[in-house]
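None of these values were measured; they are calculated from a predicted model.
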Amino acid sequence: MNILPRSLFQTLLKQVGKNKVIVLTGPRRVGKTFLLDQLEATLKTPVVRMNGDLPETHQILSSKNIQSYKRLLGTSRLLIIDEAQMIDGIGQILKIIIDHFKDLTILATGSSSFDLTNQIGEPLTGRQLHYHLYPVWQGELNLSETHLDTVRNLEERLLFGSYPELINLETEAEKRKYLHELVASYLFKDILIYDQIRNSNKLSELLQLIAFQVGKEVSLLEIGRQLSISKDTVAKYLDLLSKVFVIYRVGGYSSNLRKEVVKTSKWYFVDNGIRNALINNFSPLAGRNDLGALWENYLMAERIKRNAYSENNVIPYFWRTYDQQEIDLIEVKDGKLSAFEFKWRDSKAKPPVFFTKSYPSASFQVVNRENYFDFIDS
């Protein structure tokens, strides 16, 4: 089995010893626990490791008793709490601990942002660092594969995605099984616990509809009609699914020009394999009618990973006018606009006339199979 080096490893290692609370979020099965195992094995100081799913963790941490915390920590300078979002009042608990133990670093992980982000954020303003772990990024694979391997593996990643356990599976049948089990067992686990939704049927149906609309603007009203639920319920479910890191929203960009569309959203999947498992379609690219959607979803996800790991703080948007001039991705940083159009084959697309007139200083690039590597890795 190949042990993939994760980009966040060195980042997390450098933060140990700085009396901060480090929050590590990411989807289930994306490798958070393995990353913590590597971190613990590397450190030469004692580490206390707890799991928020276990009752004894709740009992000890919820006591808010400093003497109890001293017995727990001993001489350790690192406290790791897996699935910290399962612990009521976790933000206040972590504040008490970090305030009383000046040589301690706390690393709290979570597979959802329901309670973890909200509860930790307010009590620990200025005391926390937040990192997000994604399915494997191409930049992390560069140490274990050649550029020729990357080109050969592109179709597989468009179809099966980049979950770390899946990359080590050899056969297509194993990969299909893994992704179907992931969808069945883990995809909705946090939502069902948090929001007391009795079954995941509506969530599955909603995600299937979103899967067929990747790269397109989504009408909450139309989806609600198809699922026989209200527009507000659709919005609620999409929000829940984004909080467990299955999908994410991209809004429309505008500088308040009347022709620009801003009230709708596009939704993308964090991983292509999850998207294809939901619609049960892993057929080869040559016979697919959704190649454009697969390509766009892959490039968007890889770009987000690249920007996050390099701490390149940009805001992604799409751009469209009411007369259907459009651009797939607009990145905004420090007031500067970078525009990207995704094409599987065509390399000669030009920016829309209204865009160039409205934003003459913006850059524009077509991203295709010939130059995509620079877009997701440089």
Inset, instruction - Could you go through the salt bridge (charged side-chain N to carboxylate O under 4.0 Å, His left out) check for Glu222 and Arg225 one step at a time? - result: CA-CA 5 Å; Glu222 179 58 31; Arg225 288 182 183 142; 3.6 Å; yes
Legend entry - salt bridge (charged side-chain N to carboxylate O under 4.0 Å, His left out) evaluation trace for Asp239 with Lys243: CA-CA 6 Å; Asp239 181 58; Lys243 285 179 176 176; 3.2 Å; yes
Legend entry - From CA spacing to verdict: salt bridge (charged side-chain N to carboxylate O under 4.0 Å, His left out), Lys175, Glu156: CA-CA 10 Å; Lys175 293 174 183 180; Glu156 179 175 311; 2.5 Å; yes
Legend entry - Full working for side-chain hydrogen bond (donor to acceptor under 3.5 Å, both in side chains) between Lys333 and Asn313: CA-CA 7 Å; Lys333 181 178 181 180; Asn313 297 313; over 6 Å; no
Inset, instruction - Starting from the C-alpha separation in whole Å, work towards a yes-or-no answer on salt bridge (charged side-chain N to carboxylate O under 4.0 Å, His left out) for Arg288 and Asp290. - result: CA-CA 6 Å; Arg288 298 186 71 119; Asp290 60 351; 2.7 Å; yes
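Between the Ser76 side chain and the Pro46 main chain, a donor and an acceptor come within less than 3.5 Å of each other. Looking at Thr233, its side chain never comes within 3.5 Å of a backbone N or O of Ile229 through a donor-acceptor pair. With Gln59 contributing its side chain and Pro55 its backbone, the two residues share no donor-acceptor pair below 3.5 Å. Remark: side-chain polar atoms of Gln208 are not paired, donor with acceptor, to backbone N or O of Ile279 under 3.5 angstrom. At least one donor-acceptor pair under 3.5 Å links the side chain of Asn368 to the backbone N or O of Asn371. At distances below 3.5 Å, at least one donor-acceptor pair connects side-chain atoms of Lys32 with backbone N or O atoms of Gly26. Side-chain atoms of Asn272 come within 3.5 Å of backbone N or O of Leu158 as a donor-acceptor pair. With Asn19 contributing its side chain and Phe101 its backbone, the two residues share a donor-acceptor pair below 3.5 Å. Within the 3.5 Å criterion, the main-chain N or O of Glu83 finds a donor-acceptor partner in the side chain of Thr109.
Within 6.0 Å of the NZ atom in Lys102, the count of heavy atoms belonging to other residues, nucleotides or ligands exceeds 12. Residue Lys216 qualifies as open at atom NZ: its count of foreign heavy atoms under 6.0 Å is 12 or below. Phe282 CZ: more than 12 foreign heavy atoms inside a 6.0 Å radius.
Val23 is not listed as a side-chain neighbour of Leu129, based on a closest heavy-atom distance of 4.5 Å or more. Using a 4.5 Å heavy-atom threshold, the side chains of Val250 and Met300 count as touching. Taking 4.5 Å as the limit, every side-chain heavy atom of Pro27 sits out of range of all side-chain heavy atoms of Val244. Using a 4.5 Å heavy-atom threshold, the side chains of Ile223 and Ile210 count as touching. Put simply, the side chain of Asp82 does not reach to within 4.5 Å of the side chain of Met50, judged on heavy atoms. In this structure the side chain of Leu141 reaches within 4.5 angstrom of the side chain of Ile167, judged on heavy atoms. The closest side-chain heavy-atom distance from Asp37 to Thr33 is below 4.5 Å. Between Arg28 and Phe245, the closest side-chain pair of non-hydrogen atoms is not below 4.5 Å.
The closest side-chain donor-acceptor pair between Ser283 and Asn281 falls under 3.5 angstrom. Gln138 and Thr150 share a side-chain donor-acceptor pair at under 3.5 Å. If you check the side chains of Asn312 and Glu331, you find no donor sitting under 3.5 Å from an acceptor.
Taking the ring centre of Tyr186 as origin, the terminal cationic atom of Arg29 falls inside the region bounded by 6.0 Å and 45° from the ring axis. Figure legend: cation-pi geometry between Arg303 and Phe375, with NZ or CZ positioned under 6.0 Å from the six-membered ring centre and within 45° of its axis. Seen from the ring of Trp137, Arg306 does not count as a face-on cation partner, given the 6.0 Å and 45° thresholds. Cation-pi contact between Lys266 and Phe318: present, with separation from the ring centre below 6.0 Å and deviation from the ring axis of at most 45°.
Under the 4.5 Å side-chain heavy-atom criterion for grouping Ile, Leu, Val, Met, Phe, Trp and Tyr, Ile66 is connected to Ile90 within one hydrophobic cluster.
Of the options Asn51, Ile87, Ile97, a side chain to side chain contact (heavy atoms under 4.5 Å, CB included) to Ile81 is made by Ile87 and by none of the others.
Tyr134 and His132 have their aromatic ring centers within a separation under 6.0 angstrom. Close placement of the Trp319 and Phe355 rings is indicated, their centers lying within 6.0 Å of each other.
Using the six-membered ring where Trp is involved, Trp295 and Tyr298 have ring planes that are parallel, under 30° apart on the 30 and 60° scheme.
The pair Asp99-Lys95 meets the salt-bridge criterion, since a charged nitrogen lies less than 4.0 angstrom from a carboxylate oxygen.
For Asp103, the side chain to side chain contact (heavy atoms under 4.5 Å, CB included) criterion is met by Arg77, not counting sequence neighbours. Checked against side chain to side chain contact (heavy atoms under 4.5 Å, CB included), Ser63 has the following partners two or more places apart in sequence or in another chain: Asn65, Ser68, Tyr69. Under the side chain to side chain contact (heavy atoms under 4.5 Å, CB included) criterion, Phe9 pairs with Leu13, Leu35, Gln38, Leu39, Thr42, sequence neighbours left out.
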